[in-house]
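Order of the sequence lines sets the chain letters (A, B, ...), proteins ahead of strands, with each chain counted from 1.
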2 protein chains.
Amino acid sequence: MVDEPTPPGTVRPGGRTARVRAAVLRAAEDALVEHGFGGLDLGDLAQRAEVGRTTVYRRWGSTGALVADLLVDMAEQSLPRSRSGSLAEDLRANARLVQRTLADPRQGALFRAVIVAANGDPGTAEALRLFYRRRVEEWAPCVTEAVERGELPPGTDPFEVIRAVSAPLYYRMLTTAEPLDEPAADRAAAAAEAAARAGAYRRPEG
Amino acid sequence: MVDEPTPPGTVRPGGRTARVRAAVLRAAEDALVEHGFGGLDLGDLAQRAEVGRTTVYRRWGSTGALVADLLVDMAEQSLPRSRSGSLAEDLRANARLVQRTLADPRQGALFRAVIVAANGDPGTAEALRLFYRRRVEEWAPCVTEAVERGELPPGTDPFEVIRAVSAPLYYRMLTTAEPLDEPAADRAAAAAEAAARAGAYRRPEG
DNA sequence: CCCCTAATGGGACTCTCGTTCCGTTAGGAT
DNA sequence: ATCCTAACGGAACGAGAGTCCCATTAGGGG
């Protein structure tokens, strides 16, 4: 008889357990926004969430695992996306959504913190990848449709186009002090569209 | 008489002080590669560098300040860049240089670590910005020359074009598990070039 | 409604990080 | 070559993060 040890919170996921998780994740968001991932302290979190310190350590064990769980939670709540029928408009809407998110003091700090957290813990990194995969998948259809309409070359990789919109905004946030404003967003969208039209994102094989 | 307290290492910067700095910075690189910024411990660093623990704490005080100093050191040693005369080739050379750097186990880990470090300490963030400013400035001339040759629209922002080459590579590294290979580099260069030709990086005014 | 036990919570303990104190070493100016 | 003191290094100290033990609470099946 191998004694299969069930992780805490898995046998009775409802009721109090669920309330504790929600309170801790909410507190984690606040703490990440205020002090970043480096300043994340599970003891402090317990106080914020009005939950026993032991509980937090037992349920999550490390700050990385906690952020991974937070990312799972974030991935579940998806944003409404526009669907205007015009590739240029869709890409611009996406760029502006990303830009507003990163420029927002709370959301921006939160995103920076989870990216930091993912650099060091493989589990957190995997959760972050899943989060972005979902985000990209939500917006890929507008590219696929543009290909079908003949606006973009056949074989264009929809994921690459969507990522090309976000990339300059993230890069600007991480490596420069220049503001993440609407012109920057519009430029990112226009650049991605131009490159896509030129066939820069066609998949390797014909 | 205001007692102006001089920071340690500023009055006699040569000799032993310089040797200690070099040894600690080298040890810091190793530690960042092995454990990332989160695992950086000044005490451990002192052992690696065969230097007194007190010295490290007194000279740098925090992991963030130490990485800031490391970035100053990194910014001073510039890489040779190619100058082929063709915009497409120059951008591809730049893209491949960035790609090789990020894909290299040591360099890639180091870059991730310093980006993480810059998210949380304003001084480190400033040092990171200066580092990237230098890197971008080194490559901007090839864009400026392409504008002068009439290959790109007048008013094209050289910095934005160079950043557009790096952006997708960094974004890929941070948010996906897909490999940072040569095709990815070539795609980044081609996309930046196409967008630049289409005028996506013209400066707002005139 | 009752019971079993999963899950929580408090408190004591340990160990590591960072600080402080003070004696020792070595730059570099004269 | 000598001296002054900037800078280094060892050791003891204190605070705080993470672990362990066990008593208490509440979920949800019967």
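- Sorted by first and then second residue, the salt bridge (Lys or Arg N to Asp or Glu O under 4.0 Å) pairs involving residues 71-87 of chain A (not counting sequence neighbours) are A:Arg83-A:Glu145.
- Shown for residues 49-72 of chain B: residues whose heavy atoms fall under 4.0 angstrom of DNA chain C, namely B:Arg53, B:Thr54, B:Tyr57.
- Side-chain atoms of B:Thr156 do not come within 3.5 Å of backbone N or O of B:Leu152 as any donor-acceptor pair.
- Ring-plane geometry between B:Phe111 and B:Tyr170 is classed as tilted, the angle between the planes lying from 30 to 60 degrees on a 0 to 90 degree scale.
- Closest non-hydrogen pair, A:Leu180 versus A:Leu102, comes out as CD1-CB, 3.6 Å.
- The CG atom of A:Asp44 sits 12 Å away from the C1' atom of D:dG16 (whole-angstrom rounding).
- Remark: C1' of D:dA17 and CG of A:Leu42 are 9 Å apart, rounded to the nearest angstrom.
- For the pair B:Arg172 (side chain) and B:Pro179 (backbone), a donor-acceptor distance under 3.5 Å is present.
- B:Arg163 is listed as a side-chain neighbour of A:Thr176, based on a closest heavy-atom distance under 4.5 Å.
- Put simply, CD on A:Gln47 is 14 Å from P on D:dG18, counting in whole angstrom units.
- Against DNA chain D, the stretch residues 17-38 of chain A makes heavy-atom approaches under 4.0 Å through A:Arg19.
- Under the 4.0 Å criterion applied to side-chain N and carboxylate O atoms, B:Arg106 and B:Glu29 are assigned as salt-bridge partners.
- Mapping B:Arg16 and B:Leu40 onto DNA chain C by nearest heavy atom places B:Leu40 closer to the 5' end of the strand.
- A donor-acceptor contact shorter than 3.5 Å is absent between the side chain of A:Asp69 and the backbone of A:Trp60.
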